[in-house]
J.: 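Let me give you the structure first, and then I'll get to my questions.
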Number of protein chains: 2
Amino acid sequence: MRDRTTDTPSTLERLDLLALGTRLKRLGERLQADTTEFLRASGVHIAAGSLPVMVSISERPGATVSDIVDDLGIAQPGVTRTLGTLADAGLVAFTRDPADARRRTIALTDAGEQLLTRAQHVAWQPVAEALRRMVGTEDRALVTHLAHLEAALDERSLHVRAVEARRQEAPR
Amino acid sequence: MRDRTTDTPSTLERLDLLALGTRLKRLGERLQADTTEFLRASGVHIAAGSLPVMVSISERPGATVSDIVDDLGIAQPGVTRTLGTLADAGLVAFTRDPADARRRTIALTDAGEQLLTRAQHVAWQPVAEALRRMVGTEDRALVTHLAHLEAALDERSLHVRAVEARRQEAPR
DNA sequence: GGAAGATAGATAGCGCGTTATGTTTCGGGA
DNA sequence: TCCCGAAACATAACGCGCTATCTATCTTCC
């Protein structure tokens, strides 16, 4: 699509680590969009971003919204929204927890089960294999790096770390 | 913030490469948000995502929207929107190109120059250093990996690669 | 038992990436 | 010269991450 092979270094490349956030976001965006496209071309009509939610539900019968949030580590409003669109599509259903009216327990509908199964049969393996060929050549180093970064940020945010770095470099 | 250290493997971890898109997006999101927060705490009021655009403009006097798009590799409507908010904030200004009324040439205002300079003085170095400590220990492998991935996707999309992978694995 | 605080979830709205499509203007060929 | 396709940009709308805040319900404790 884009041909950057002959370019002089772009601003993003020159900014290097400072542009890391944007680059990661864009890369993630592309992967999700491509996966969604592949799914659709394979007759599975669901956004790639909804799949983790579906999987999480399917493995936690009787899960609540909070359970999914804890599992996926995604902010609650995001999960609520995804569940809403899945419910609109008839793929999941809620029931009020009789023991606690604040909670909603979530389950895949039959249609949801079927779609998830089809997605797994049709798309899981090829997409994972394609990614493995691009990424995995170097022995899973990328995923390991990401996990390190995530863990480091969980421990102390970049904001805090930057403050520390500044304090050390200019202790006037 | 989140404490996932004691968790059993989350769905995202188990999905592994299939969840790569989401994970990258989330990581990028966090980095951008943290950087914005650090900037604000340092008295520089601008979203981290706007900085690449500002830098690109400052290095290309007389640039048009398309020039920025080509430089950053971001979709044109995104650039247009960012320029709009920067213009609202009085940081950039447009002038119609007299030679071609379709084009708008873009320049930083004095306020924009000042803000960019302050951002560079105040924030660049600490943020880069903090990231380097988290990421760079392993010899820039992460950034190299990302560049590889980006180049590979530029060449053939994940969608196409997944189709290929499927064809090979099930050549019935 | 009733007020106060905690918890589950919903809602509102932003950030920044995307595609699809609409306008205006330019340039090149019949 | 005029028209038609291409180019530059704008607009609309979606995706999916986020924070902040609201409402309803439950729990706790006096």
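Chain letters run A, B, ... following the sequence lines, proteins first and then strands; every chain starts at 1. Everything quoted here is computed from the prediction, not taken from an experiment.
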J.: With no angle test and no hydrogens, is the base of C:dG27 tied to the side chain of B:Arg102 by a donor-acceptor pair under 3.5 Å?
T.: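 There is none.
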J.: Contact class for B:Thr64 vs. all strands (heavy atom < 4.0 Å): base, sugar-phosphate, or nothing?
T.: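 Answer is sugar-phosphate: B:Thr64 comes under 4.0 Å of backbone atoms only.
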J.: Let me confirm one number: the CG-CZ distance from A:Leu149 to B:Arg30, rounded to the nearest 0.5 Å.
T.: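 The CZ atom of B:Arg30 is 9.0 Å from CG of A:Leu149, to the nearest 0.5 Å.
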J.: Specify the residue among B:Glu29 and B:Arg103 whose closest nucleotide of DNA chain D lies further upstream toward the 5′ end.
T.: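 Its nearest nucleotide lies further toward 5', so the answer is B:Arg103.
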J.: Between A:Phe94 and B:Asp100, name the one whose nearest nucleotide on DNA chain C is closer to the 5' end.
T.: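 The residue whose closest nucleotide sits nearer the 5' end is A:Phe94.
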J.: Over all strands shown, is A:Arg104 touching base, sugar-phosphate only, or nothing at heavy-atom distances under 4.0 angstrom?
T.: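 Result for A:Arg104 = sugar-phosphate.
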J.: Could you tell me whether A:Ala47 contacts a base, only the sugar-phosphate backbone, or nothing, with contacts defined as non-hydrogen atoms closer than 4.0 Å?
T.: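 Sugar-phosphate, no base atom in range.
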J.: Taking B:Leu31 as the starting point, is it possible to reach A:Val160 by hopping between hydrophobic residues whose side chains are less than 4.5 Å apart?
T.: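 In one cluster with A:Val160: B:Leu31, no.
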J.: Establish whether B:Phe94 and B:Leu91 are linked, either directly or via other cluster members, by ILVMFWY side-chain heavy-atom contacts under 4.5 Å.
T.: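 The answer is yes; both residues are in one hydrophobic cluster.
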J.: May I ask you to verify whether the side chain of A:Gln76 and the base of C:dA8 hold a donor-acceptor pair under 3.5 Å?
T.: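 A donor-acceptor contact between them is absent.
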J.: Counting only side-chain nitrogens and oxygens, does B:Ser66 get under 4.0 Å of the OP1 or OP2 atom of D:dC9?
T.: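 Answer is yes, contact under 4.0 Å.
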J.: Specify the separation, in whole Å, of atom CZ of B:Arg40 and atom P of C:dC14.
T.: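 Nearest whole value for this atom pair: 15 Å.
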J.: Once you apply a heavy-atom cut-off of 4.0 Å, does B:Thr22 come out as touching a base, just sugar-phosphate, or nothing?
T.: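 Sugar-phosphate contact only - B:Thr22 comes under 4.0 Å of backbone atoms but never of a base.
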